[in-house]
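Here is the structure we will look at, set down as structure tokens.
Numbers for residues simply follow the sequence, beginning at 1. All values derive from a computational prediction rather than experimental measurement. Computation of the quantities below employed the complete heavy-atom set of this structure, encompassing side-chain atoms and omitting hydrogens, waters and symmetry-equivalent molecules.
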Amino acid sequence: MASYQELAVDLYELFQAFLQAPLYHLILELLLIVWIIRLLFFTKSYQLPVSDLTNKEKEELICEWQPEPLVPDVDENDPALNVYNNNLVTGKLGKYVTINDRECLNLATFNFLGIVGDPTIEEEAIKSLKKYGVGSCGPRGFYGTVDVHLELEKRLAQFMQCEEAIIYSYGFATIASAIPAYSKRGDVVFCDEGVNFAIQKGILASRSTVRYFKHNDMADLERLLIEQQNEDKKNLKKAKVTRKFIIVEGLYINYGDICPLSEIVELKFKYKVRIFLEESMSFGVLGHYGRGVTEHFGIPILHIDLISASIENSVGSTGGFCCGKSYIIDHQRLSGLGYCFSASLPPMLASSAIQSLKIMEENTGLFLKLKANSQLLHNELHSIKEIEVIGSPVSPIKHIQLTQSSGNRQEDSQRLQDIVDYAKTKGYAFTVARYLESEEHHLPPTSIRVVCNSSLTEKEIKDACFLLKQTFSSRTV
């Protein structure tokens with residue numbers, strides 16, 4: 001009897017709640033009930049369309065159907081393929097490189113400090129190889145963390161004078177993983193149109209709104225920041241949760257020039273944005289101690305929110321690293337895809353990088369020699385009338401472009417390749433800069449990329465430039 005009374009009380013309270021409910025709430029519930037009834041009893045089940053074709057006609061259609069190719073057809077005589085096939089390297093990529101059994105002076109690879117082949121580095125690598133084996137075969141979070149990884153991160157943080165550093169096993173994946181770890185859909189990225197391909201892919205993976213500004217044009221960057229500021233005023237609620245980033249390279253691989261970091265930092269504080277600085281080409285190159293573009297301009301590193309760099313160039317190892325404040329770096333250990341899911345850096349390469357850092361710390365004269373060689377190369381190349389030299393005087397990367405283009409990119413590229421091939425027969429290794437032309441956001445002009453290092457002598461640089469001068473003068477370009 002008591003249970004019936006409780007049921008009656010519950011029904012009464014339910015009825016009272018129904019009467020007290022807002023009218024719009026009752027209407028919404030009624031519509032939902034009607035929609036459910038319609039869905040259950042009045043919706044016709046989907047039926048496949050009946051085909052009038054006979055079995056023979058169906059077989060003929062199946063035989064005639066041709067799937068689209070997985071990749072587009074590529075001509076076997078494509079210049080890019082010929083370059084790869086005709087430039088087989090044997091031996092070390094040091095000051096000299098052996099290409100197709102011909103020894104050449106290396107002016108093509110990014111061995112800026114001449115560290116490749118250093119006997120002390122090779123000795124450390126061999127010791128590590130005997131102790132740890134070749135690879136880790138596991139990501140950092142799954143038994144892939146070895147003590148030398150932690151030591152390398154500590155040494156990098158100390159070298160860059162940051163709170164913490166994190167290492168990746170692949171240089172390209174470093175910045176490509178770091179960007180989407182912080183910038184998400186709905187955030188806004190202001191990016192130099194001349195950035196490298198890894199940055200472009202990182203921005204694409206982030207699904208953020210990207211606004212490119214003209215290369216090293218701070219007026220154009222500020223114009224975009226003002227536009228964003230005006231847009232934020234229209235929706236203050238959205239602006240509070242929208243993160244904004246400026247992404248630049250310290251030293252641009254595609255142009256050989258340096259970003260105007262002082263002006264970028266001013267814009268950062270003026271418009272309340274964050275700075276991501278990619279220093280793969282400037283780390284171990286710029287600054288008195290090789291700390292990069294922040295040291296070059298004398299800017300406190302704490303003004304930069306995140307620094308990313310490869311250790312595949314000046315350091316002569318493999319992989320990359322990010323450094324900054326501890327809470328920023330720790331976020332990557334959970335969100336950096338290249339860190340979480342890739343096998344960790346082989347221990348012997350981590351040991352090699354540690355030894356390279358020791359060399360950089362103990363021999364700061366390497367950076368002065370590299371700067372002097374870069375300046376000499378810049379001056380010598382500028383004496384060649386038939387070319388235009390792109391790059392900062394203190395940059396070890398120079399791009400040689402034709403002063404008179406044919407208007408056909410492939411034809412210009414082939415002309416430059418002919419010059420590179422001729423120089424190789426004379427014992428000098430240069431390279432034509434290559435790009436994924438169909439995927440680059442802003443395709444740079446075709447050029448010969450010339451890279452100097454600290455191990456080159458004054459005579460070697462002058463002789464190389466004299467050869468280029470003779471070659472360009474004797475050929476109609």
Side chain to side chain donor-acceptor pair (under 3.5 Å) between Y271 and E222, intermediate numbers included: CA-CA 9 Å; Y271 295 97; E222 186 165 20; 2.7 Å; yes

Given I264 and L277, is the side chain to side chain contact (heavy atoms under 4.5 Å, CB included) satisfied, shown in steps? CA-CA 11 Å; I264 293 173; L277 182 61; over 6 Å; no

Output, in order, the C-alpha distance, side-chain angles, deciding distance and verdict of ring-ring contact (aromatic ring centres under 6.0 Å, His included) for F269 and H303. CA-CA 9 Å; F269 290 111; H303 289 175; 5.2 Å; yes

Apply side chain to side chain donor-acceptor pair (under 3.5 Å) to T446 and D412, showing your working. CA-CA 7 Å; T446 184; D412 288 346; over 6 Å; no

Could you go step by step and tell me if L376 and E458 meet the side chain to side chain contact (heavy atoms under 4.5 Å, CB included) rule? CA-CA 8 Å; L376 176 62; E458 181 178 336; 3.5 Å; yes

Using the salt bridge (Lys or Arg N to Asp or Glu O under 4.0 Å) rule, take E164 and K154 through it: C-alpha gap first, then chi angles, then the decisive distance, then the call. CA-CA 7 Å; E164 192 171 341; K154 180 180 178 181; over 6 Å; no

Side chain to side chain contact (heavy atoms under 4.5 Å, CB included) assessment of L306 paired with C322: CA-CA 7 Å; L306 182 73; C322 293; 4.0 Å; yes

Pair T120-Q355, side chain to side chain donor-acceptor pair (under 3.5 Å): steps then yes or no: CA-CA 7 Å; T120 62; Q355 180 60 28; 3.3 Å; yes

Evaluation steps, side chain to side chain contact (heavy atoms under 4.5 Å, CB included), between V248 and F213: CA-CA 10 Å; V248 294; F213 58 90; 4.0 Å; yes

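Remark: E362 does not engage K358 in a salt bridge, criterion side-chain N to carboxylate O under 4.0 Å. At a threshold of 4.0 Å, the pair E231-K238 does not count as salt-bridged, since none of the basic side-chain nitrogens sits closer than that to a carboxylate oxygen. Using a 4.0 Å cut-off between charged side-chain N and carboxylate O, D220 and R223 make a salt bridge. Ion pairing of R409 with E437 is present here, as a side-chain N (NZ or NE/NH1/NH2) and a carboxylate O approach within less than 4.0 Å. A salt bridge is defined here as a Lys NZ or Arg NE, NH1 or NH2 lying under 4.0 Å from an Asp or Glu carboxylate O, and E122 with K92 meets this definition. For the pair E263 and K268, the salt-bridge criterion is not met [side-chain N within less than 4.0 Å of a carboxylate O].
Judged by distance alone, with hydrogens and angles left aside, the side-chain atoms of S447 form no donor-acceptor pair with the main-chain N or O of R449 at under 3.5 Å. In this structure a side-chain-to-backbone donor-acceptor pair under 3.5 Å is missing from E388 to L402. In this structure, the side chain of Q228 does not engage the main chain of N230 through any donor-acceptor pair within 3.5 Å. In terms of modelled atom types and a separation under 3.5 Å, the side chain of D257 and the main chain of S392 share no donor-acceptor contact. The main-chain N or O of L456 is found under 3.5 Å from a side-chain atom of N373 such that the two form a donor-acceptor pair. In this structure a side-chain-to-backbone donor-acceptor pair under 3.5 Å is missing from S177 to G336. With hydrogens and angles ignored, the 3.5 Å screen pairs no side-chain donor or acceptor of D232 with any backbone N or O of A239. The main-chain N or O of L113 is found under 3.5 Å from a side-chain atom of S454 such that the two form a donor-acceptor pair. Judged by distance alone, with hydrogens and angles left aside, the side-chain atoms of D305 form a donor-acceptor pair with the main-chain N or O of I275 at under 3.5 Å. A donor-acceptor pair under 3.5 Å is absent between the side-chain atoms of S352 and the main chain of S317, judged by distance alone.
Note: H149 NE2 to I167 CD1 = 5.0 Å, rounded to the nearest 0.5 Å. Rounding to the nearest 0.5 Å gives a distance of 9.5 Å between OG of S282 and CZ of F112. Here the CZ-CG distance, from F430 to N106, works out to 10.0 Å after rounding to the nearest 0.5 Å.
Aromatic ring centres of H215 and Y252 lie closer together than 6.0 Å. Residues H442 and Y212 keep their aromatic ring centres 6.0 Å or farther apart. Centroid-to-centroid, the aromatic rings of H331 and Y182 come within less than 6.0 Å. Ring to ring, H288 and F367 are not that close: their centroids are 6.0 angstrom or more apart.
In this structure, a donor-acceptor pair under 3.5 Å is present between the side chains of T145 and R140. With 3.5 Å as the limit, one finds a donor-acceptor pair spanning the side chains of E460 and T457. Of the N and O atoms on the side chains of Y255 and D192, not one donor lies less than 3.5 Å from an acceptor on the other residue. E278 and S280 share a side-chain donor-acceptor pair at under 3.5 Å.
Shown here for E295 and L286, the closest heavy-atom pair between the two residues is OE1-O, 3.9 Å. In this structure, V451 and A108 approach most closely via the heavy-atom pair CG2-O, 3.7 Å. Closest of all the heavy-atom pairs between I397 and I253 is CG2-O, 4.0 Å. In terms of heavy-atom proximity, A165 sits nearest to R333 at O-NH2, 3.2 Å. What you find for I166 and E153 is that their closest heavy atoms are CA-OE2, 3.5 Å. Pairing each heavy atom of G114 with each of N453, the nearest pair is N-CB, 4.5 Å.
The shortest distance between side-chain heavy atoms of H399 and V389 does not fall below 4.5 Å. Residues L105 and K95 meet the side-chain proximity criterion, which asks for heavy atoms closer than 4.5 Å. Using a 4.5 Å cut-off on side-chain heavy atoms (C-beta onward), I199 and C191 make contact. Y339 is not listed as a side-chain neighbour of Q332, based on a closest heavy-atom distance of 4.5 Å or more. Between D418 and L416, the closest side-chain pair of non-hydrogen atoms is not below 4.5 Å. With contacts defined as side-chain heavy-atom distances shorter than 4.5 Å, the pair N111/L93 does not qualify.
Y435 OH: more than 12 foreign heavy atoms inside a 6.0 Å radius. Other residues, nucleotides and ligands place more than 12 heavy atoms under 6.0 Å from the NZ atom of K184. Surrounding NZ of K214 are at most 12 heavy atoms belonging to other residues, nucleotides or ligands under 6.0 Å away. Annotation for K244: atom NZ counts as buried by contact number, over 12 foreign heavy atoms lying within 6.0 Å. Atom OH of Y289 sits in a sparse spot, with 12 or fewer heavy atoms from other residues, nucleotides or ligands closer than 6.0 Å.
Checked against N196 for a side-chain hydrogen bond (donor to acceptor under 3.5 Å, both in side chains), the options E440, E249, K201 give a single hit: E249. The side chain to side chain contact (heavy atoms under 4.5 Å, CB included) with S208 is formed by just one residue from the set D187, I179, V188, T242; it is D187.
A cation-pi arrangement is found for R291 relative to F159, the charged atom lying closer than 6.0 Å to the ring centre and inside a 45° cone about the ring normal.
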